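Before I ask anything, let me first share the structure, which is written out below as structure tokens.
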Amino acid sequence: MNKLLIAFIFLCACKVQPLVSTSKTVLLDTYYNNEVNAKTGQPFHYLWTDTAMSGFSQLGKVFNSYGAILTSLPAEPTAQSLDQAGIYIIVDPDTEAETSKPNYMTERAAASIADWVKKGGVLLMLTNDSKNAELDRFNMLAAKFEMHFNNEVMHPVNGKNWNMGAAVNLPAHPLFTGVNKIYLKEISSITCTGMAKPVLTENENVFIAEASYGKGYVLAVGDPWLYNEYIDHWVLPEDFDNKKAAINMVKLLLQKSRK
């Protein structure tokens, strides 16, 4: 083949390569977690916009620092609403004590989420202890990945006895690179079968789990965990590494996302 023709073909092939944005959209649920502050009448608790101790504004800043775009979903997830997201976060599904009309997980929504994960989405499930999160229906979703959040309260903490919520025997996992000690307060444990694998275990109780599902990835923690109060040293002593764990988690989720 003529050398000039070969060069022409090569240049054409190079030119058709599209420029791809590295930004990924992180979609935070505000449907299953839909609490309103009784004093202010405003939505609060685990929101990007909540800058109080109860919010996720600090976690949002970590995502932003790695180029992620933050948004929220105030409706039941569908294939269409999830399509543009790389990461979907559901935290602390409401109980009747938290809102007068909680939105519960359904089989339809669980199937939509699982299908999205299978195609390359990354799901982060952050629940809570059984007294403060609706777990029975939410386990419809967890079951898609062979996980089950248990109705119990682990790591109870009295007052400022911070070490009652400490986890120190951390495994060799990307979540804990450079991390020696984290804080997890009053959480549900997770039962893992099949594809679900324990990440953090204490006395045979699984606190953090993960699963690969199709082209996607699921990370589950039995606690809201990295909200403003406990992401750094707002109240925690200096020897806790929750901020470092948050950075590791953000990097891990962004790396796993194929969307």
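Here, residue 1 is the first one in the sequence, and each next residue gets the next number. Because the structure is predicted, anything quoted here is derived from the model rather than measured.
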Consider only side-chain N and O atoms of Y104 and E134, and report whether a donor and an acceptor are under 3.5 Å apart.
no

Please indicate whether N161 has more than 12 foreign heavy atoms, meaning atoms of other residues, nucleotides or ligands, lying under 6.0 Å from its CG.
yes

Minimum heavy-atom separation for P174 to L252, with atom names?
CB-CD1, 4.3 Å

Would you give the length of the straight line joining atom CD of E35 to atom OG of S54, rounded to the nearest 0.5 angstrom?
9.0 Å

How are the rings of Y230 and W162 set to each other: parallel, tilted or perpendicular (split at 30° and 60°)?
perpendicular

Are R137 and E107 within salt-bridge range, i.e. N to O under 4.0 Å?
no

Do D29 and S72 pair up side chain to side chain, a donor and an acceptor below 3.5 Å, judged on atom types alone?
no

What verdict does the side-chain contact (heavy atoms from CB on, under 4.5 Å) test give for L253 and L124, after you've listed the backbone C-alpha separation in whole Å, the side-chain angles of each residue and the deciding distance to 0.1 Å?
CA-CA 8 Å; L253 297 180; L124 174 61; 4.0 Å; yes

Between the side chains of D241 and K181, is the shortest nitrogen-to-carboxylate-oxygen separation below 4.0 Å, so that they form an ion pair?
no

Which side-chain hydrogen bond (donor to acceptor under 3.5 Å, both in side chains) pairs, counting each pair once, include a residue from residues 192-203, with sequence neighbours left out?
H155-E202

Under 30°, 30 to 60°, or over 60°: which ring-plane class applies to F63 and W48, parallel, tilted or perpendicular?
perpendicular

How long is the span from the CG atom in N139 to the CZ atom in F149, to the nearest 0.5 Å?
7.0 Å

Between E96 and K101, is the closest basic N to carboxylate O distance under 4.0 Å?
no

Please give me the minimum heavy-atom distance between L126 and D223, naming the atom from each residue.
CB-O, 3.5 Å

In short, N64 meets A68 closest at the heavy-atom pair ND2-O, 3.0 Å

Please walk me through it: do K131 and E186 pass salt bridge (charged side-chain N to carboxylate O under 4.0 Å, His left out)?
CA-CA 9 Å; K131 292 182 179 179; E186 297 170 359; over 6 Å; no

Closest non-hydrogen atom pair, T127 against G222:
OG1-CA, 3.3 Å

Can you confirm if the aromatic rings of F240 and Y183 lie within a centre distance of less than 6.0 Å?
yes

The reported gap from CG in L175 to CE in M249 (rounded to nearest 0.5 angstrom) is 7.5 Å

Look at the aromatic rings of Y88 and W116 and report parallel, tilted or perpendicular, splitting at 30° and 60°.
perpendicular

Pairwise distance CH2(W225) to CZ(F56) - rounded to 0.5 angstrom:
11.0 Å

